[in-house]
Amino acid sequence: MYDILVVGSGPAGLSAAVNARRRNKQVLVVGKEMHSNKLRQAHRVDNYLGIPQIKGLDLAAKYREHAQDEGVELKTDELLNLWVEKDGFQGMGKNVLYQAKAVILAVGTPQKASIPGEEELVGKGVSYCATCDGMFYRGQQVLVYSEVVEGEKEANFLADLCAKVYYLPRYQGPYTDLDSRVELLSGRLVRLHGTEQLTGVTTSTGEYEVEGVFIERAGLPLDRLLPGLEMENGAIKVDRRMATNIPGVFAAGDCTGKPWQIAKAVGEGQVAALAAVDYLADRR
Ligand SMILES: Cc1cc2nc3c(=O)[nH]c(=O)nc-3n(C[C@H](O)[C@H](O)[C@H](O)COP(=O)(O)OP(=O)(O)OC[C@H]3O[C@@H](n4cnc5c(N)ncnc54)[C@H](O)[C@@H]3O)c2cc1C
């Protein structure tokens, strides 16, 4: 069991992890992306103190290297569920179960079900995990809607199972990792159809009959990740120690609200780490 499980490997998560390691805690960071999608998109960061004119991707690589040098364990996976256990927390990734005594959520801007029909059809044709649910759609027609490049891997995996896979990306190409069996679409996802079961989708360019829609965002809606987590104005509610309403769960970065900036994320990551360390000491 780890001392601290950090969810998200952006600036907030890696800052939390480095600071917790410096207090000699065993830390695991589970991040859906190798580098935060947002940092990757930031062509030039000019307002981060002491390192002007740096590319977001270069900063992300520096953060990762720093964390690894400190002995932080980094795992590329998406945490799908988190729940409280007698001795701490358990979290389910796509294939792996993680255990820790405390948790720091650094998941970026909170995601929510935003496509008409999405919320009603979760588990009835709408899925957030191809690895977990892909087999249910063997031989069927599916569509992958993705806001992150990682969606290409999920579509390729589904191409091995499904009769037809459409891929509708909401990020800039070149989509070079996409399998030739996957049909690339353009436009927006406008509506998901069906009541008891998904029957098809409307995009801004056409209608598609599909039995499954896989939605890939930077993260999951927070009420699915950790039920009972208190929110305020669309962000995770925290106190000055970055503690949430659930004892042992802390949060940092964009997920706690504006300003959505790197310096705030890094600072909050440090505060959350120190608060989590104090929490572990009190528990003893
Ligand atoms: C184009 C652009 C330019 C920007 N320019 C600047 C700038 O110049 N200066 C500045 O200060 N800020 C800038 N920003 C904002 C800055 O990038 C963010 O404020 C910062 O990245 C927030 O860090 P974070 O760690 O809170 O979240 P993120 O960087 O979003 O990282 C969160 C990570 O958590 C992962 N995650 C979410 N849910 C899960 C889960 N369930 N399991 C596993 N992993 C999960 C996500 O995939 C993501 O990788 C810019 C943003 C953009 C989009």
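Count residues from 1 along the sequence. No hydrogens, no waters, no symmetry mates; every other heavy atom, side chains included, goes into these values. All figures in this text were calculated on a predicted structure; none of them were measured in a lab. Atoms within a ligand are numbered from 1 in the order they appear, just like the ligands themselves.
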Need the ligand 1 atom indices (1-based, order shown) with element for anything under 4.0 Å from a heavy-atom of [X].
X: Gly253; answer: 26 (O)
X: Gly31; answer: 43 (C), 44 (N)
X: Ala42; answer: 3 (C), 4 (C), 5 (N)
X: Trp260; answer: 15 (C), 19 (O)
X: Ala106; answer: 32 (C), 33 (C), 34 (O)
X: Asp77; answer: 43 (C)
X: Val30; answer: 43 (C), 44 (N)
X: Gly219; answer: 37 (C), 38 (N)

Practice task
Before giving the answer on side chain to side chain donor-acceptor pair (under 3.5 Å), spell out for Arg40 and Asn37 the whole-Å C-alpha distance, their side-chain angles and the decisive distance to 0.1 Å.
Solution key: CA-CA 5 Å; Arg40 222 175 15 209; Asn37 189 38; 3.2 Å; yes
Exercise for the section: Go through the steps to decide whether Leu57 and His35 satisfy the test side-chain contact (heavy atoms from CB on, under 4.5 Å), and finish with yes or no. Expected result: CA-CA 7 Å; Leu57 195 54; His35 295 305; 3.8 Å; yes
Considering only non-hydrogen protein atoms, determine which one is nearest to [atom] and report residue, atom name and distance to 0.1 Å.
atom: atom 34 (O) of ligand 1; answer: Gly8 CA, 3.2 Å
atom: atom 48 (C) of ligand 1; answer: Glu33 OE1, 3.1 Å
atom: atom 26 (O) of ligand 1; answer: Asp254 N, 2.8 Å
atom: atom 12 (N) of ligand 1; answer: Gln261 NE2, 3.4 Å
atom: atom 31 (O) of ligand 1; answer: Gly10 CA, 3.5 Å
atom: atom 23 (O) of ligand 1; answer: Pro11 CD, 3.3 Å
atom: atom 29 (O) of ligand 1; answer: Ser36 OG, 2.7 Å
atom: atom 42 (N) of ligand 1; answer: Leu79 N, 2.9 Å

Exercise for the section: Give the intermediate values and the outcome of salt bridge (Lys or Arg N to Asp or Glu O under 4.0 Å) for residues Asp278 and Arg241. Expected result: CA-CA 10 Å; Asp278 285 347; Arg241 297 167 56 253; 5.2 Å; no
Problem - Pairwise side-chain contact, Thr203 with Tyr166, heavy-atom cut-off 4.5 Å (strictly under) - result: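 Side chain of Thr203 against side chain of Tyr166, heavy atoms only: no contact under 4.5 Å found.
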Exercise for the section: State whether a side-chain donor-acceptor pair under 3.5 Å links Glu73 with Tyr2. Expected result: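 Tyr2 and Glu73 do have a side-chain donor-acceptor pair below 3.5 Å.
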Practice task
Answer with side chain, backbone, both or neither: which part of Thr109 has a heavy atom less than 4.0 angstrom from an atom of ligand 1?
Solution key: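 Neither part.
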Exercise for the section: Please state which part of Asn47 comes within less than 4.0 Å of ligand 1, counting heavy atoms only: side chain, backbone, both or neither. Expected result: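 For Asn47, the contact with ligand 1 is made by the side chain alone.
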Can you confirm whether [X] is buried at [atom1], in the sense that more than 12 heavy atoms of other residues, nucleotides or ligands lie under 6.0 Å from that atom?
X: Asp46; atom1: CG; answer: yes
X: Arg181; atom1: CZ; answer: yes
X: Leu49; atom1: CG; answer: no

Should [X] be counted as touching ligand 1, given the test is an N or O pair under 3.5 Å?
X: Lys32; result: yes
X: Ala263; result: no
X: Ala12; result: yes
X: Ala218; result: yes

Practice task
May I ask you to decide if Gly253's main-chain N or O and Glu268's side chain share a donor-acceptor pair within less than 3.5 Å?
Solution key: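 Yes; at least one donor-acceptor contact below 3.5 Å.
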Handout entry: Short side-chain to backbone donor-acceptor contact, Glu152 and Asp177, under 3.5 Å
Key =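 Checked: pair present.
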Exercise for the section: Assess whether salt bridge (Lys or Arg N to Asp or Glu O under 4.0 Å) is satisfied between Lys124 and Glu196, documenting all intermediate values. Expected result: CA-CA 7 Å; Lys124 301 174 188 167; Glu196 289 309 303; 5.3 Å; no
Measure from [atom] to every heavy atom in [options] and give the option owning the shortest one.
atom: atom 53 (C) of ligand 1; options: Lys38, Lys264, Arg40, Lys75; result: Lys38
atom: atom 1 (C) of ligand 1; options: Gln41, His43, Glu78; result: Gln41
atom: atom 16 (C) of ligand 1; options: Leu105, Leu222, Ile262; result: Ile262

Practice task
Start with the C-alpha distance between Val7 and Ile104, add both sets of side-chain angles, then the distance that settles side-chain contact (heavy atoms from CB on, under 4.5 Å), and finish with yes or no.
Solution key: CA-CA 6 Å; Val7 189; Ile104 298 176; over 6 Å; no
Practice task
Determine, for Arg224 against Glu118, whether the closest basic-nitrogen to carboxylate-oxygen distance falls under 4.0 angstrom.
Solution key: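 Salt bridge: no.
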Practice task
Please step through salt bridge (Lys or Arg N to Asp or Glu O under 4.0 Å) for the pair Lys38 and Glu33, ending with a clear verdict.
Solution key: CA-CA 10 Å; Lys38 279 199 201 139; Glu33 306 166 292; over 6 Å; no
Handout entry: Minimal non-hydrogen separation, Leu74 against Arg64, with atom names
Key =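 Shortest heavy-atom contact: CD1-CG, 3.8 Å.
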